[in-house]
Amino acid sequence: MTGDYDVIVAGSGFAAAFFLHEYLRNAEAGARVLVLEKGPQRMHPEQMARPEALLQAGERSFVNETPDKPWSFSIGLGGSSNCWWACVPRMLPADFELRTRYGVGRDWPVGYDDLETYWCEVEEIMQVAGPSDDTPFQRSRPYPQPPHRFSLPDVRLKQAFGDTFFHQPAARPTRATQEGRPACCGSGVCTLCPINSKFTVLNGMNRLFEDPRVRTVTNASVQRVETEGGRATGVEFLRDGRPELYRGRIVVLAANALFNAHILLRSDLGGPHVGRGLVEQVSTTAQVDLDGLDGFGGSTSVTGHGYMFYDGPHRAGRAGALVETHNSPELRSERGKWRRRLNVKLIYEDLPRPDNRVAIDPGDPTRPGVAFHGRSAYAQRALDRADEDLERLLAPLPVEAIVSRKVNGTESHIMCTTPMAADPEQGVVDAGLVHHRVRNLLVLGSGVFPTAPPANPTLTLCALSLRAARLLGAG
Amino acid sequence: MERRGFLKTTVAVGLAFLAAGLGARAVYRALRSRAASNAQEDLERRLLERFDYLTLEPETVERFVADVEQHRPTLRLHPKGMPVEERFLMSTDFFQNGADESRRVAYVGFYHPYVTFCHNPLATRIGDG
């Protein structure tokens, strides 16, 4: 084993970046940090030159045993920050207490108040544009940037739904940022932003990888955490197909929920919860023809968030849902009615099922094998009444027809494969994201979520990572 | 056959094949060019018929069709694709003028988010009217 690092981080996406941001703020000048990234470094110009490559490497990086259920992510420096759509709602207080309030799922070992200050810090770094005065979230600080402009249908929905319909908080700025990110101009192709406006780790936090204390190795696929006497001593990774071993005093897994679970399994750090309960939200998108009302007119790709189906007594029996209204340009091909079109998405939470899992692929142990056998009955009951929800949502609008409604293949989120719990028998990591059995090993990312709420997970996983680094420094 | 004669024959045959190949390539390029030209003419005709109710500035359709040809390799990168008739309208000032069919329509630029940045006439940016 070579090297002698204070911290070894597997991964370079959201979780890794926000952990490093906090860790490096307090680390000594002589601290030694090693970042191991599975994919290559491709900055924005290179991504623009070959946009089709953004998701291809991710697709090849695991074995999908149930290919009808895709999982979408990007590997490479910056991780899935390179391909996300920058939707950054917080969770609601009830999301942390599903079991206590509604008798379903699990409670989280942290609550809304534990994360509030960290959400604020993440929102500041991302320069989130959101509605400070009219928001479903209790906030101690305003959003860093003002909200985007509603679309024309959004204005009507706001009039009708008042305190359950809001501007979507977005890491797509309304004003140019100090780091040089231009304001979002509503191109509607956020997977790869043509002008590099949406926040990514590379355009917002690349300084971390240029820090003299940090050594970054790309095309390095972490395979195992080495342990001795119940302590992590380093990691083994593959580079050009050859194994290498590096020593580290603290090991941090931030390689997304598929790979984190895979690494733990390969490290003989499995258990009843590792890799089990793989889940993400299930969503349905409706294409709506409007009668006499133009769609669009908003200033970004996703403009509105509806909370009318999110929380309430119904969650005792079926999933809650977050509504998105979309402003990406998709015309209606009819003379005189070109703009009379609205796309809306209902995003339903789901509960983990133990048969949905990540394992070590028997044919290629260097890759995870992923199997998803179906959503929970809890989510399905909600999805079964999506038409009713849609009718209620669209009631304030002049609707000519619902042209289509389809269930989407993926939300591009991956959750719950290494859940956190206060009780070591119930989870893999504690509330500070420290592994219950190996106390110098941290596991970050949305894999630590005990449940998959309707809200997009990115803001919360970043806040948890920031918090984990702060607690590590404090303790 | 003497060696010199064999060499001459071999070279001659080789040159003949080369000429045939070059000729075949030239013919292929000519046929492709003609097909592309036909396709462009077809597209122009289709757009003019489809939007015969609009008053188009001169060369609006021609410029668009030329840009379609120029940017054809990038069309597959536009997520979800877009019918060419819609892309044509998005490439003009039609929507900037409120989709008013009584106004003359002028070509603005090829609508493709990865070719002409920030040209989405359906979005209203903060700071716009």
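Quick caveat, the model's predicted, so the values are computed rather than measured. Per chain, numbering begins at 1; letters A, B, ... match sequence-line order.
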Salt bridge (charged side-chain N to carboxylate O under 4.0 Å, His left out): which pairs involve residues 174-191 of chain A, sequence neighbours left out? none
For chain B, find which of A/P194, A/G186, A/C184 contributes the most heavy-atom pairs closer than 4.5 angstrom. A/P194
Residues in residues 56-64 of chain B near chain A [non-hydrogen atoms, under 4.5 Å]: none
Side chain, backbone, both or neither of A/I195 within contact of chain B (heavy atoms, under 4.5 Å): side chain
What heavy-atom pair brings A/L54 and A/C83 nearest, and what distance separates the two atoms? CD2-CB, 4.0 Å
Is the backbone of A/C193 close enough, under 3.5 Å, to the side chain of A/H44 for a donor and an acceptor to pair up by distance? yes
Regarding A/K406 and A/N408, is there a side-chain donor-to-acceptor distance under 3.5 Å anywhere? yes
Those residues that, when tested against A/A57, pass side chain to side chain contact (heavy atoms under 4.5 Å, CB included) (two or more places apart): A/R60, A/I75
Assess whether atom CG of A/D133 is packed by more than 12 heavy atoms of other residues, nucleotides or ligands within 6.0 Å. no
Those residues of residues 84-96 of chain B that come under 4.5 Å of chain A on a heavy-atom basis, listed by number, are B/E86, B/L89, B/M90, B/F94, B/F95
With a 4.5 angstrom heavy-atom cut-off, is it the side chain or the backbone of A/P147 that approaches chain B, or both, or neither? backbone
Do A/Q145 and A/T174 have a side chain donor and acceptor closer than 3.5 Å? yes
So, A/T410 and A/W71: side-chain donor and acceptor under 3.5 Å apart, yes or no? no
Is it the case that A/R335 places NZ or CZ above or below the six-membered ring of B/Y53, under 6.0 angstrom from the centre and within 45 degrees of the axis? yes
Check whether A/P329 gets within reach of chain B through its side chain, its backbone, both or neither, counting any heavy atom under 4.5 Å. both
Under 3.5 Å, is there a donor-acceptor pair between the A/H148 and A/Q168 side chains? no
Is it true that the SG atoms of A/C185 and B/C118 are less than 2.5 Å apart? yes
